[in-house]
Amino acid sequence: MVKKRTVAGTIFDIFNYILLGSLALICILPIIHILALSLSDSAAASAGRVGLLPVNFTTAAYEYLMGKKDFWQSVLVSLKRVGIGLPYHLIMTIIIAYPLSKPASRFYGRSIYVGLLIFTMLFNGGLIPTYMVYKEMGLLDSIWVLVIPSAVNAGNIMLMMNFFRNIPKELEESAIIDGAGHIRTLLQVILPVSLPSIATITLYIVVAHWNDYFSGMIYMNSASNFPLQTYVYNIIKQASSLTMNLGMESTGENWRLLAKISDRTVRSAQIFITAFPILAIYPLLQRYYIKGIVVGSVKG
Amino acid sequence: MRAKKKNEKYREKRTLAKFKNQLPLHVMLLPGVVTLIIFSLVPLVGLKIAFEKFIPAKGFFGEQQWVGWDNFELFFDMPNAFSIIRNTLFIAVGKIIVSLVVAVTVSLLLNEIRARKFKKTVQTIIYAPYFLSWVIFGGILITILSPSEGVVNGIIKAIGLEPVFFLGDEKIFPFTVIFTDVWKNFGMSTIVYLATLTGIDPGLYEASAIDGANRWQQAIHISLPAMGPIIMLQAILSIGGVLNAGFDQILVLYNQQVMSTGDIIDTFVYRMGLVDMQYGLSTAVGVFKSVITSILMVLGYYLSFKFTDYRVW
């Protein structure tokens, strides 16, 4: 395609590159700034002298965090949550999506199940009734409350269902002609060709579990059960916990520490550590997550 | 007569065989159904709390005093009931409009970029904030928007302007909420539009170029109309969200100073319920919200099916 270059067009192009470039910068610079803050000393951080590079480079904030037991406890809770939640939610999504991917003519009662799903998507008990039920069931303060109730996710099921429907019918039919039952067909024929879709759903589940802070906040009473995001939520909501704690026991060592770290630098370090797993799997997210969005939204 | 009976018997047998054949499918759905019944349907029973003077000590299933619509009246008699509903609508509708306009504009601009590497890099970067939780993104915002130490106000002061209390000024706060939400999510919202744009037949552009159309005219007369149905669909589907102003986000960002403009239905329900232990009132407000939301959602799906043939299931 040959295009005429006009002056107006060139001016627009320059403007367009600058605009989109700045938009991209606005999205990436904050996280670089946070990393720089976490690696700067407290004086530079509170004087607002830190931009995109650390000022008076120090790893003191991270060293301080290394010895902070409650922080690592919450990291552990989050890892445990993902470790249990991922396989459980993945299996649930697959075994619900597979039957629903069949047309109603080949699976009697499909509409009843879909109806139940839509109904529970539209109507829920809301905060208090749900909280009360979980409480009566003795689920509070246990890792299971973060994993079990949320296992049926209509969005993920819908996506997986559409993935299954896109598999050529002949594949399944030939398996059935060969005498395979539904379960065997699913395990030996459908799943092996669905690996990219499974990767997509896996990422959806991991991101959702890792990022959720609210259920940890309401269903966990003791701080030792807080997942990482809930822990960080509490940190950013109370302005100056660190200085108060350390300042109260005014030993020489604490004062030396306070010269190097502050709430600002430690908070930044915690934010960065919490965001890190997401940033680390970002290339995967970019590849599979986005494909899911396209399949899920513009299939019609 | 005999043939008919035989036929019936045959059909019965076939139905039975079919059911037997489909039984594994039902079994697969069993765990999901049980989960939904226990964790979604049973809590629905608790909606009665909205009509009760609920005393937690008596227990969830215990005998409670029935008070009819009292909790609802209590809410609407509260001086801040109106402002909470107004805040919710303002923020939610603001987000819908701004995010639609920004996402469509950015998609059109990205579509004009011919350097593939640059386009890919920009796309990769603008998707990123979407994946950070509101705790993380909010924590970053609180850090950089701080009037005394934040880098944004550092820049504002450096060019000689007064610092802006983005999160502490009740007049600015709703706009901060709208724009930070768009900031976090606009990249992700461009995906559907970009997918539509790449699907446009290049022949259309070539033909219009021969007819002397410039790029601006192409964008207005080819690209934008091609996105019409999907823009319409997104707009209709967002109808159900006009009472969802972004609970996760506001819970992280709001504070005492901005209650008058930043408190939304969801944060109110949360504070009344789990902080102030006003179970009846909190549930009543939640019921009020979810009834309206459900109606709007059904309406949205109905309209989208009618106008664009879009079907969710």
Side-chain angles (χ1 to χ4, degrees), chain A residues 1 9 16 19-20 23-24 27-28 30 33-34 46 48 51 92 95-96 98-99 107-108 113-114 116 120 122-130 132-133 136 149 151-152 158 181-183 207 211 213-214 218 229 232-233 236 264 267-268 271 274-275 278 282 285-286 290 293-294 297-298 300, chain B residues 22 24-25 28-29 31-33 35-36 39-40 42-44 46-47 49 60 109-110 112-113 122 124-129 131-133 135-136 138-140 142-144 149 151 154 187 191-192 195-196 206 215 230 248 252 269-270 273-274 279 282-283 286-287 290 294 297 309-310 312-313:
Chain A
M1 196 162 37
N16 195 12
L19 182 70
L20 290 175
L23 274 184
C27 289
I28 188 110
H33 174 68
I34 289 291
S46 52
M92 285 291 267
I95 61 173
I96 295 171
Y98 178 67
F107 175 40
Y108 293 135
Y113 294 108
V114 172
L116 178 68
T120 53
L122 283 176
F123 305 99
N124 56 67
L127 193 64
I128 300 300
T130 310
M132 297 299 287
V133 169
E136 294 277 328
V152 183
M158 202 165 85
H182 288 292
I183 291 171
V207 171
N211 278 351
Y213 72 94
F214 189 62
I218 53 175
Q229 302 274 352
V232 176
Y233 171 84
I236 61 173
R264 214 169 156 69
R267 208 199 303 149
S268 301
I271 288 175
T274 312
I278 297 289
Y282 189 61
L285 287 174
Q286 145 97 340
I290 286 151
I293 289 189
V294 176
S297 54
V298 283
Chain B
Q22 292 177 357
L25 298 178
M28 274 187 223
L29 285 166
V33 171
T35 305
L36 284 183
F39 298 108
S40 296
V42 173
L44 280 177
L47 290 179
I49 295 175
F60 179 66
L109 292 176
L110 271 170
E112 293 297 323
I113 297 279
V122 169
T124 302
I125 295 173
I126 61 175
Y127 297 157
F131 294 100
L132 302 176
S133 69
V135 167
I136 297 307
I140 293 175
I142 291 171
T143 310
I144 64 173
E149 312 166 311
V151 66
I191 292 176
V192 271
T196 319
E206 280 162 34
R215 280 159 69 196
I230 194 84
D248 276 9
V252 171
V269 168
Y270 166 69
L274 293 179
Y279 289 148
S282 170
T283 309
V287 167
S290 71
S294 314
M297 260 173 94
D309 264 347
Y310 174 84
V312 182
W313 295 92

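Chain A is the first sequence line, chain B the second, and so forth, proteins listed ahead of strands; every chain is numbered from 1.
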Which region of A/Ile96, side chain (C-beta onward) or backbone (N, CA, C, O), has a non-hydrogen atom less than 4.5 Å from a non-hydrogen atom of chain B, or is it both or neither? both
For the atom pair CG (A/Leu116) and OG (B/Ser40), what is the distance rounded to the nearest 0.5 Å? 8.0 Å
Okay, A/Tyr108 and chain B: the region with an atom under 4.5 Å from a heavy atom over there is both
With chain A as the partner, which of B/Ile49, B/Thr143, B/Ile126 has the greatest number of non-hydrogen pairs under 4.5 Å? B/Thr143
To the nearest 0.5 Å, atom CD1 of A/Ile218 lies from atom CG of B/Leu274 at 6.0 Å
Residues in side chain to side chain contact (heavy atoms under 4.5 Å, CB included) contact with A/Ala151, at least two apart in sequence or another chain: A/Tyr88, A/His89, A/Met92
CD1 (B/Ile144) and CD1 (A/Ile34) are apart, to the nearest 0.5 Å, by 7.0 Å
If you count heavy-atom pairs within less than 4.5 Å of chain A, which of B/Val269, B/Ile113, B/Ile142, B/Val287 leads? B/Ile113
Measuring only between side-chain heavy atoms, which start at C-beta, is B/Phe39 closer than 4.5 Å to A/Val152? no
Nearest-0.5 Å distance, CD1 of residue B/Ile136 to CD1 of residue A/Ile236: 7.5 Å
Closest heavy-atom contact between B/Glu149 and A/Arg264? O-NH2, 3.0 Å
Considering non-hydrogen atoms only, spot the tightest contact between A/Gln229 and B/Ser133 and give its length. OE1-OG, 2.6 Å
What pair of heavy atoms forms the shortest contact from A/Gly9 to B/Arg215, and how long is it? O-NH1, 3.8 Å
Residues passing the side chain to side chain contact (heavy atoms under 4.5 Å, CB included) test with A/Phe123, sequence neighbours excluded, are A/Phe119, B/Leu44, B/Ser294
Which bit of A/Ile271 comes within less than 4.5 Å of chain B, counting heavy atoms only: side chain, backbone, both or neither? both
Using heavy-atom distances under 4.5 Å, tell me whether B/Pro129 contacts chain A through its side chain, its backbone, both, or neither. side chain
Structural part of A/Leu127 lying under 4.5 Å from a heavy atom of chain B: side chain
CD1 (B/Ile125) and CD (A/Gln286) are apart, to the nearest 0.5 Å, by 10.0 Å
Quick check on A/Tyr213 against chain B: is it the side chain, the backbone, both or neither that has a heavy atom closer than 4.5 Å? side chain
Part of A/Phe107 within contact of chain B (heavy atom distance under 4.5 Å): both
Under the side-chain contact (heavy atoms from CB on, under 4.5 Å) criterion, do B/Leu25 and A/Tyr113 qualify, and how do the steps go? CA-CA 11 Å; B/Leu25 298 178; A/Tyr113 294 108; over 6 Å; no
Report the distance from atom CZ of B/Phe131 to atom CG of A/Leu285, rounding to the nearest 0.5 Å. 4.5 Å
The interface call for B/Leu132 against chain A, heavy-atom contacts under 4.5 Å, is both
If you count heavy-atom pairs within less than 4.5 Å of chain B, which of A/Ala24, A/Ser46, A/Gly125, A/Pro129 leads? A/Pro129
Name the option with the most non-hydrogen atom pairs under 4.5 Å to chain B; the candidates are A/Val207, A/Asn16, A/Thr120, A/Leu23. A/Asn16
In terms of heavy-atom pairs under 4.5 Å with chain B, the winner among A/Pro30, A/Gly181, A/Gly126, A/Gly51 is A/Pro30
Distance-minimising heavy-atom pair for A/Ile128 and B/Gly273: CD1-CA, 3.5 Å
Options B/Val252, B/Thr283, B/Val42, B/Val122, ranked by heavy-atom pairs under 4.5 Å with chain A, top entry: B/Val252
Which of the residues B/Leu109, B/Leu47, B/Thr35 is involved in the greatest number of heavy-atom pairs with chain A at under 4.5 angstrom? B/Leu109
